[in-house]
Q: 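Here it is, the structure in full.
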Amino acid sequence: MADLHGLIYAFHSSPALGDLVMPRTSASLPFCSRYRLIDFALSSMANAGVRGVGVIMQRDYQSLLDHMGSGKDWDLSRLSGGLRLLPPFGMHGSSLGEYKGGMEALSAVRAYINDIKQNYVVIFRGDLAANIDLKDVFDAHLSSGCQITAVCAENACKGGGDIRFIPDTQGNSKKMLFSNFNENGALSTTEVYVINKSLLVNLVDWCHSNGKLHFHRDALTHYLNEGGTVGLYVHKGYTARICSVSDYYSANMDMLKAEYRNDLFNDDNPIYTKGRSSVSTYYGEDAFSRNSLVADGCYIEGELTNCVLFRGVRVKKGAKLKDCVIMQDSVVGENVSLSHVIADKYTVFSDGLALSGSHVLPIIVPKCKII
Amino acid sequence: MADLHGLIYAFHSSPALGDLVMPRTSASLPFCSRYRLIDFALSSMANAGVRGVGVIMQRDYQSLLDHMGSGKDWDLSRLSGGLRLLPPFGMHGSSLGEYKGGMEALSAVRAYINDIKQNYVVIFRGDLAANIDLKDVFDAHLSSGCQITAVCAENACKGGGDIRFIPDTQGNSKKMLFSNFNENGALSTTEVYVINKSLLVNLVDWCHSNGKLHFHRDALTHYLNEGGTVGLYVHKGYTARICSVSDYYSANMDMLKAEYRNDLFNDDNPIYTKGRSSVSTYYGEDAFSRNSLVADGCYIEGELTNCVLFRGVRVKKGAKLKDCVIMQDSVVGENVSLSHVIADKYTVFSDGLALSGSHVLPIIVPKCKII
Amino acid sequence: MKKECIAMLLAGGQGSRLYSLTSRAAKPIMPFGGKYRIIDFPLSNCANSGINVVGVLTQYQPLQLNSYIGSGQPWDMDISRGGVYILPPYQSAGSKGEWFSGTANAIYQNIAFADLWEPEYVLILSGDHIYKMDYADMLEQHKEHGADCTIAVIQVPLEEASRFGIMSTDEKGFVTKFAEKPKEPESDLASMGIYIFTWQKLKKYLIEDEQNPQSEKDFGKNIIPNMLNSGEKLWAYSFNGYWRDVGTIDSLWESNMDMLAPALIDLYDRSWPIRSRSPIKPPHYIGENAEIRHSIVTEGCDIRGTVSNSVLSSGVSVGEGAVVNYSILMPGCEIGKNAIVEYSIIGENAVIGEGAAVGSPPNGMSDIKITTCGPDSAVNASARVEAGAMIYSDRRGK
Amino acid sequence: MKKECIAMLLAGGQGSRLYSLTSRAAKPIMPFGGKYRIIDFPLSNCANSGINVVGVLTQYQPLQLNSYIGSGQPWDMDISRGGVYILPPYQSAGSKGEWFSGTANAIYQNIAFADLWEPEYVLILSGDHIYKMDYADMLEQHKEHGADCTIAVIQVPLEEASRFGIMSTDEKGFVTKFAEKPKEPESDLASMGIYIFTWQKLKKYLIEDEQNPQSEKDFGKNIIPNMLNSGEKLWAYSFNGYWRDVGTIDSLWESNMDMLAPALIDLYDRSWPIRSRSPIKPPHYIGENAEIRHSIVTEGCDIRGTVSNSVLSSGVSVGEGAVVNYSILMPGCEIGKNAIVEYSIIGENAVIGEGAAVGSPPNGMSDIKITTCGPDSAVNASARVEAGAMIYSDRRGK
């Protein structure tokens, strides 16, 4: 049981994700055959012994509610602490639109933050696909003596922002960069932070009383200006932030590589997700499958090459799928030919249909569409 | 498993409940030492074998979320169906204020209603304290052949509205009264209804397209005007609707009478509530208690007469409480004297304080107040 | 807490005819059909039939069974007024405790458990059958015909009838005669080992049977014949669907192969889900050079070789160049590169070394010899395991 | 799934020195202190100490224990990587099964369970002690002193020392001598029956002890002396808080009475909650003419008479005019109108008829004779039950 409390930003729907976030937030995007993006934040926290987690939500969170339930699948259904869903309270009429920045979101749940019993807080973006050893990060935070530690990615976080820190000789930082102008040795932040609770409360209050809304631009800048130091922790594993269709597509395709897949999904720090009872996948007499990831409950009579299939997908005879991501319970009819297609849940492709996108511009078929 | 789906109105905070509904909705009001009002709706449904329940919420629902969790305490945490919390979806900006009527609330969750697999729906107010045998109501509904059945109270529902039905010779009704003008044999409705799903969908759509917001005034009137018949079921047990401070106070005091208490809380149809692990209640050497209801976890060294105490209340030496309702974890200091007081959660009464209200106007001490 | 009907599931035996495969855990939690354990079938049938009290009687290596069933959540049975209860043998005041000595004795020793629920009817199930059945329908018939006992029956080929308990019925459908494994069967109606009893009646016969020192305390050999001789009403409930006993190596292999023919038993039917407890595994991966055809594959598998006509449980790996054909690979087993596995059952976490050859195809379908490797067993690289051989667990110390 | 330390709780015995009170269920689930069962104390201590794997070894009437523990949810142990496991005796391949024949044998038979968690340390607990202890602190000392075994000890009055296992220690605190119930105790340090062992070490001694046909397979009589004789390092962990063994009628009564003195053991302390599974009951009601003083009362009680110096579990009713004094009323028992119950323990669901008199006050405090009525027992109206009598369960058929 770590002296660490979790907060997850799950209110954001990145506009560049288009139709994929029409029925949901980025954090509840289905990923890699059977997960949702938020599973990475929840599992990283659970694996580090974090027992209390608040999930900051705002709108369109029905799919998140359904996915997380009581938190039992992450062992976060506890008698004290556990998983708490944090819709905006006491904000009657003040902010109807989406939170404009991290600090606005934190301000909206100020009362919750105040009641946190742990002395440290880890903040995690719900749209980050990374299996981060937060126990190790926390140890580094404690030994650095800094009041805040940034988890940086060794290579720039795929699909990530440009915010970087320039390390000093101790490996800490007093300088943050917003542009991607090249500066030697600067480290990209994954925007996962461990922060002393007292500092967090101070920053929330300072931003609130100064009308500041953003975490980096306002709060962190203020902290650094006041002479603060940011500890830097380098996460070496696979890291992808999912902000656009292209991020989403390439991260799914990355999972076809054993190296990346084994890094995200390993037995020592498993990624948990909501259980769904289903049958195994059946491959028919004429099925053919190459370099593909397939969840349980599929029924495959056609051909798959470089595909990611979610649960309960049916691929009928003669269908040929190449470089596709097909979400839960979709049906691909006979002799359908698809390449570079992302199909959302419950999509139906009628017999004989042919669709072909490109790696740069995959075709998105919205949820429940029958085409 | 009944072919019956539950819907609970839990969005309402009755203004006449004043400070009691400041931090919560009426449905989450603590009642009778260890319950919340919504426990009656949830338990009545669970006891009738209802396996899917939607709870319509709007604002200030954090205390409801905490209370219900995954629904496990009512055996409503199920793999399919189970408890679903229904905040307003897809209503961006359309209605910031509280729903103005039942039909507006139902319209807001129209998509959910559409997906209900059962052919019948029971609608239950979250602020009703009544243990209703919904299995019996459902049987009556099926045998009457009516498309909607109203559960009426034998005596006018305490604290209830004035809406009544005039029964015909078959015991059904084609006439609804809105005034409390005396009409022989008219039966007050508890506003619990069993309704065919198809009719419900029709009424929701009709109201939506005609801009009508209210269940009785608009939907039921329309149904009756079109020649519809309402089945009437008479519930004989204790029934109280909690719409005002006076309703709330007198319903708690009613629980001191074995007759009412045994009617609401019986082993055949138990009322379930959220579990809280606590120690037994301790009565000290000089404690004195008469005609009182006390939950677990209290520590009583003073005197109680005609009181309802919630969990974890501490009554110190020399304190004298008469005709009081004291909610969870409040502390009554030494030699405090209270009569006709309703103390919300975590209230602290300092040593020696004296407060005296009256039966008609009990004094309310808001949550977390130290006086 | 009153329940109209509760189920008692006999999960007691080791399943010794499965030899090495059950050396570490009881038969009911034997992996089956990729995703499942055998006990998932009766448990899911109960849940789907609205029966939510199930007592599981066991005395053989209960630890894994216990962990597998847990709170009953995967079968939607983690409810406060019911659930799945593991019932081991126990001691009571003035008794040193007794192991279950027969199917009827097992129920006899748990009369107190059943009485807790004040049931009118008790459904007796066993943990080694694969089938989908609506017990609610069977109960309806039991009540409708005022039976004291209802026995589910299925038609079997007459030439196989002598392996079963065989029933003769009158024109209405009441049982007139019952013969356990008759040499010359008079009918082709076989008992499926699924009974509904009116509880008070069963209790009486159980108590009487205990007094008889000659009795084997068995439902088929004692209780049913006694009831029939005493003139009780026994109804035969006809079942037409898929039903297999998986008590032997051959039947276990065959019924797994049946799962490759969805026409026999539809596991994809969402109106009658067979539920199971799933381990936490990523999706399965089919490699660049893999081939997979007419097979069942489960999450966590990593397939680099050629797999056909086979059933793969979760977490199985098949190396490059390996060939798996007509085989059953249980959870976590590893098939090394270029190994060949044919007509075999490979137990949990077993390891087949690179280039090894396990089993071989039959000369004609009547001569199939199934090769088995027990859980945690190991076959050395390049070794050859003959068709029909049986490798016991020997690799790991646990 | 690796865990640094797991707990094994010995809940095996009937608790025969509690006579009629344990005729229906094992001692660990004996109601205690109003809201609790005895086993709530070690389970809550485990949860509060961060130990989340607990094996409960039992072979006596496990059904109620099983239902009580359920998924472990009330103690926050319904987690997927850990939890509370009931461990009954079982059969395994080639073994007909064996009942636990001693405390050490019970652990021996469950070595496989412990090994599942690859623990470095194993905490051995028993199910009949009332106390609050931070096992994490004890484990810290075990590690700090590089001990092979750490035994929790408490000072007892020297005149009572011969009832306990008595330890002598050197100046550092290592155990130099251990005597089980010595006639002439050399020290006042008594073993509390709570041990932490380095698992590999314990395993070795358990396996050796099994080979010895003379051994009673007991921790106090065999394992601890053997380790001491072999020169292993045994550390004595000193405990100063409240600790009572509730293995006899007298000690059960006394320790319940202790709960009326919150200075002895603070159950209202929210930093170390003792959790329990609560039945679904409305608040307790104190009637118009009731009197209640210096007592513990639980939800579901209905008190119309006079109650003092007593401990009432949930769902107890006390009729008008009845007097209850210095007594323990277990869940669901009914005290009829005008009955008098003094210095008694009334078992679950027992019924004391109107005007009956059960027990009586002692002549001086040294002469207390506790009267007991077993679960489901009945005392007729106006009957007189003498001080020290023991009424067995005879009322109901179940």
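Note that the coordinates shown come from a computational prediction; the quantities given were computed from them, not determined experimentally. Values below: all heavy atoms of this structure, side chains included; hydrogens, waters and symmetry mates excluded. Letters go in sequence order (proteins before strands), and every chain restarts at 1.
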Q: With a 4.5 angstrom heavy-atom cut-off, is it the side chain or the backbone of A:Cys32 that approaches chain C, or both, or neither?
A: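 Both backbone and side chain of A:Cys32 come within 4.5 Å of chain C.
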Q: So which pairs with a foot in residues 305-319 of chain C pass salt bridge (charged side-chain N to carboxylate O under 4.0 Å, His left out), sequence neighbours left out?
A: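 Those involving residues 305-319 of chain C do not exist here.
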Q: Measuring heavy-atom distances to chain A, does C:Pro282 have an atom under 4.5 Å in its side chain, in its backbone, in both, or in neither?
A: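 Both the backbone and the side chain of C:Pro282 come within 4.5 Å of chain A.
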Q: Heavy atoms only, distances under 4.5 angstrom: which of A:Ala287, A:Pro270, A:Ala295 has the most pairs with chain C? Name it, please.
A: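 So the answer, after comparing A:Ala287, A:Pro270, A:Ala295, is A:Ala295.
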Q: Given that the side chain runs from C-beta out, which part of C:Ile303 has a heavy atom under 4.5 Å from chain A: side chain, backbone, both or neither?
A: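 When you check distances to chain A, no heavy atom of C:Ile303 falls under 4.5 Å.
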Q: Between A:Leu264 and chain C, which part of the residue has a heavy atom less than 4.5 Å away: side chain, backbone, both or neither?
A: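 No part of A:Leu264 comes within 4.5 Å of chain C.
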Q: Across chain A and chain C, going purely by atom type as modelled, what donor-acceptor pairs are there at a distance under 3.5 Å?
A:
unit_1	atom_1	unit_2	atom_2	d
C:Lys35	N	A:Ser280	OG	2.9
C:Lys35	NZ	A:Asp296	OD2	2.2
C:Leu260	O	A:Tyr282	OH	3.3
C:Tyr268	OH	A:Ser280	O	3.0
C:Tyr268	OH	A:Tyr282	N	3.2
C:Arg270	NH1	A:Asp329	OD1	3.3
C:Arg270	NH2	A:Asp329	OD1	2.8
C:Ser276	N	A:Ser277	OG	3.2
C:Lys281	O	A:Arg34	NH1	2.4
C:His284	N	A:Val294	O	2.9
C:His284	O	A:Val294	N	2.9
C:His284	ND1	A:Val294	O	3.1
C:His284	NE2	A:Tyr283	OH	2.7
C:Tyr285	OH	A:Asn291	OD1	2.3
C:Ile286	N	A:Ser292	O	2.9
C:Ile286	O	A:Asn291	N	2.8
C:Ile286	O	A:Ser292	N	3.0
C:Gly287	O	A:Asn291	N	3.1
C:Glu288	O	A:Arg290	NE	3.2
C:Ala290	O	A:Arg290	NE	2.7
C:Ala290	O	A:Arg290	NH2	3.4
C:His294	N	A:Tyr283	O	3.0
C:His294	N	A:Gly284	O	2.9
C:Ser295	N	A:Tyr283	O	2.9
C:Ser295	O	A:Tyr283	N	2.7
C:Val297	N	A:Thr281	O	2.8
C:Val297	O	A:Thr281	N	2.8
C:Thr298	OG1	A:Ser280	OG	2.7
C:Glu299	N	A:Asp296	OD1	2.8
C:Glu299	OE1	A:Arg34	NE	3.0
C:Glu299	OE1	A:Arg34	NH2	3.3
C:Glu299	OE2	A:Arg34	NE	3.1
C:Glu299	OE2	A:Asp296	N	3.0
C:Glu299	OE2	A:Arg311	NE	3.4

Q: Given the options A:Leu309, A:Val294, A:Leu293, which has more heavy-atom pairs under 4.5 Å with chain C than any of the others?
A: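 It is A:Val294.
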